[in-house]
Trainee: 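Provided herewith is a single structure, encoded as structure tokens, for subsequent inquiry.
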Amino acid sequence: MAFNLKRLGHDDVERCVAIYFAAFQNAHSIACWPRIPSVQAWWEKMIHDELEEPGAHWHKAVSPETDEIAGFCKWQEPKPGQTPDVDLPQWPEGADAMLCKETFGAWARMHKNLMGTRGHWYLEIVATHPDHQGKGVGTQLIRLGLDPADEQGAEAYLEASPDAVALYERLGFQEMGSTDTWIENERVKNTRYRNLFMIRPAKAKPKVV
Ligand SMILES: CC(C)(COP(=O)(O)OP(=O)(O)OC[C@H]1O[C@@H](n2cnc3c(N)ncnc32)[C@H](O)[C@@H]1OP(=O)(O)O)[C@@H](O)C(=O)NCCC(=O)NCCS
């Protein structure tokens with residue numbers, strides 16, 4: 001079944017944060033983000049703000065049967081000549097601020113080191129509600145950035161949680177690096193978390209003869 005792809009709007013934000021929390025069940029997400037009102041409000045504000053960001057492509061996949069949002073993504077279009085941002089936000093009350101700073105800081109530096117000033121499509125976030133996973137929603141959402149990348153002959157980049165790596169590889173992404181973090185807090189005990197950094201090479205543009 002194909003899901004309907006639409007632009008994400010401000011009215012969708014609450015549902016998207018609920019999807020995000022339900023979908024991301026890995027040790028890093030659980031450790032960083034307790035599912036409490038202050039963290040939920042921080043995520044909602046962040047998405048509201050970033051909906052207005054120039055070059056941000058937020059989309060939702062909607063079930064044609066129930067009209068329910070099954071998943072969403074944010075693609076950032078290329079910013080040629082600019083290095084990826086390494087500034088970090090103020091973390092919400094209740095989050096594991098040390099772990100957020102360590103991991104999101106390292107991931108941002110990795111993005112900058114791997115891509116430099118090369119313009120690329122950046123998949124900042126993709127999540128499918130567990131009720132709808134394995135039905136092609138993630139693939140449809142990811143293709144929304146890969147199609148223009150292919151038309152433009154541009155690279156694509158993402159940070160991969162371990163569970164999503166097979167899907168990303170199937171779509172042409174290749175591992176270019178990884179970080180290992182030892183997680184220990186009140187929610188997660190003695191767990192190693194590996195995050196991967198993946199690039200999808202540019203497709204050569206067809207020659208016009
Ligand atoms: C990663 C994620 C976004 C994938 O979303 P999804 O909607 O399940 O993705 P798809 O259905 O397109 O693909 C998932 C699997 O189902 C398979 N699949 C795709 N369409 C299918 C269909 N119609 N029927 C059965 N299986 C299908 C795919 O081949 C894929 O298999 P693979 O993992 O072995 O490659 C989702 O699992 C998720 O939200 N995970 C938690 C958050 C997360 O890790 N996000 C990524 C951060 S880097």
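In this text the structure is predicted, and so the values were computed from the model without any measurement. Computation of the quantities below employed the complete heavy-atom set of this structure, encompassing side-chain atoms and omitting hydrogens, waters and symmetry-equivalent molecules.
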Trainee: Would you check if the side chain of T191 reaches a backbone N or O of A27 as a donor-acceptor pair within less than 3.5 Å?
Mentor: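 Looks like no, no N/O pair under 3.5 Å.
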Trainee: A side-chain contact here means heavy atoms from C-beta on lying under 4.5 Å apart; do K74 and L8 qualify?
Mentor: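 K74 does not reach L8 side chain to side chain.
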Trainee: Would you indicate whether Q90, at its atom CD, is surrounded by more than 12 heavy atoms from other residues, nucleotides or ligands within a distance under 6.0 Å?
Mentor: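 Counting neighbours around CD of Q90, 12 or fewer heavy atoms of other residues, nucleotides or ligands fall under 6.0 Å, so no.
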Trainee: Quick one, K135 with F3, criterion side chain to side chain contact (heavy atoms under 4.5 Å, CB included). Give me CA distance, side-chain angles, the key distance, then yes/no.
Mentor: CA-CA 9 Å; K135 300 178 188 171; F3 285 70; 4.1 Å; yes
Trainee: Less than 4.5 Å apart, any side-chain heavy atom of R187 and any of D96?
Mentor: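 Side-chain contact under 4.5 Å: yes.
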Trainee: Can you tell me how the ring of H120 sits relative to the ring of Y157, calling it parallel under 30°, perpendicular over 60° and tilted otherwise?
Mentor: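 Plane angle over 60°, so perpendicular.
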Trainee: Check whether any side-chain heavy atom of W58 lies under 4.5 Å from a side-chain heavy atom of I47, and answer yes or no.
Mentor: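 Heavy-atom side-chain distance check passes, below 4.5 Å.
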Trainee: Specify the closest pair of heavy atoms between A127 and A23, including all atoms of both residues, with the distance to one decimal.
Mentor: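 So the minimum-distance heavy-atom pair works out to CB-CB, 4.1 Å.
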Trainee: When rounded to the nearest 0.5 angstrom, what distance separates CD in Q174 from CE in M198?
Mentor: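 With rounding to 0.5 Å, CD (Q174) is 8.0 Å from CE (M198).
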Trainee: Checking side chain to side chain contact (heavy atoms under 4.5 Å, CB included) for the pair V165/F173: CA distance, chi angles, key distance, verdict?
Mentor: CA-CA 9 Å; V165 170; F173 286 89; over 6 Å; no
Trainee: With no hydrogens and no angle check, do the side chains of Y122 and E159 hold a donor and an acceptor under 3.5 Å apart?
Mentor: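 Indeed, the side chains of Y122 and E159 share at least one donor-acceptor pair under 3.5 Å.
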Trainee: Under the 3.5 angstrom rule, does the side chain of R200 hit a backbone N or O of G172 as a donor-acceptor pair?
Mentor: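 No.
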Trainee: Do M110 and M176 have side chains that get closer than 4.5 Å, going by heavy atoms?
Mentor: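 Answer no - side chains too far apart.
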Trainee: Applying side chain to side chain contact (heavy atoms under 4.5 Å, CB included), run through N195 and T181 and close with a yes or a no.
Mentor: CA-CA 8 Å; N195 203 69; T181 309; over 6 Å; no
Trainee: Side-chain donor-acceptor pair under 3.5 Å between E68 and H132, yes or no?
Mentor: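 There is such a pair between these side chains.
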Trainee: Is the side chain of E184 donor-acceptor paired with the backbone N or O of N190 at a distance under 3.5 Å, no angle test?
Mentor: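 A pair under 3.5 Å: yes.
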Trainee: Are the side chain of R194 and the backbone of D180 linked by a donor-acceptor contact shorter than 3.5 Å?
Mentor: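 A pair under 3.5 Å: no.
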Trainee: Determine whether a donor-acceptor pair (N or O, by modelled atom type, separation under 3.5 Å) exists between the side chain of W75 and the backbone of L141.
Mentor: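 Yes, the answer is positive, given that a donor and an acceptor are paired below the 3.5 Å cut-off.
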Trainee: Is a donor on one side and an acceptor on the other found under 3.5 Å between the side chain of N185 and the backbone of A31?
Mentor: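 Between the backbone of A31 and the side chain of N185 there is a qualifying donor-acceptor contact (under 3.5 Å).
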Trainee: Counting only N and O atoms by type, is there a donor-acceptor contact under 3.5 Å from the side chain of E50 to the main-chain atoms of K45?
Mentor: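 Pair absent, no side-chain N/O of E50 close to backbone of K45.
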Trainee: If we count only N and O atoms by modelled type, under 3.5 Å, do the side chains of T103 and H28 hold a donor and an acceptor together?
Mentor: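 Judged by distance alone, the side chains do pair up.
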Trainee: Please check if atom CE in M46 has more than 12 non-hydrogen atoms from other residues, nucleotides or ligands closer than 6.0 Å.
Mentor: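 Enclosed: over 12 neighbouring heavy atoms sit under 6.0 Å from CE of M46.
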Trainee: Please confirm whether the backbone N or O of E65 pairs with a side-chain atom of S63, one donor and one acceptor, at under 3.5 Å?
Mentor: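 Pair found, side chain donor or acceptor close to backbone of E65.
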Trainee: Using atom types as modelled and distance alone, determine if a side-chain donor or acceptor of Q140 lies under 3.5 Å from a backbone N or O of L5.
Mentor: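 Answer holds: no.
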Trainee: Any side-chain heavy-atom pair from K6 and H59 closer than 4.5 angstrom?
Mentor: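 Side-chain contact under 4.5 Å: no.
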Trainee: More than 12 non-hydrogen atoms from neighbouring residues, nucleotides or ligands closer than 6.0 Å to CD on E14, yes or no?
Mentor: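 No - once you tally the heavy atoms of other residues, nucleotides and ligands closer than 6.0 Å, there are 12 at most.
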Trainee: For side chain to side chain contact (heavy atoms under 4.5 Å, CB included), just list the numbers for L123 and Y168, CA-CA rounded to whole Å, side-chain angles, deciding distance to a tenth of an Å, and then say yes or no.
Mentor: CA-CA 11 Å; L123 181 63; Y168 295 147; 4.2 Å; yes
Trainee: Taking C-beta and beyond as the side chain, do I125 and F72 meet within less than 4.5 Å on heavy atoms?
Mentor: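 Touching, per the 4.5 Å side-chain cut-off.
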Trainee: In sequence, state the C-alpha distance, the side-chain angles, and the governing distance for W33 and F24, and then conclude on ring-ring contact (aromatic ring centres under 6.0 Å, His included).
Mentor: CA-CA 10 Å; W33 312 120; F24 277 81; over 10 Å; no
Trainee: Which heavy atom of Q76 sits nearest a heavy atom of P54, and at what distance?
Mentor: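 Residues Q76 and P54, closest heavy atoms: NE2-O, 3.2 Å.
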Trainee: If Ile, Leu, Val, Met, Phe, Trp and Tyr residues are connected whenever their side-chain heavy atoms lie under 4.5 Å apart, and connections chain through other members, are M98 and I30 in the same group?
Mentor: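 Cluster IDs for M98 and I30 differ.
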Trainee: Would one find more than 12 heavy atoms of other residues, nucleotides or ligands at under 6.0 Å from atom CD of E93?
Mentor: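 No - once you tally the heavy atoms of other residues, nucleotides and ligands closer than 6.0 Å, there are 12 at most.
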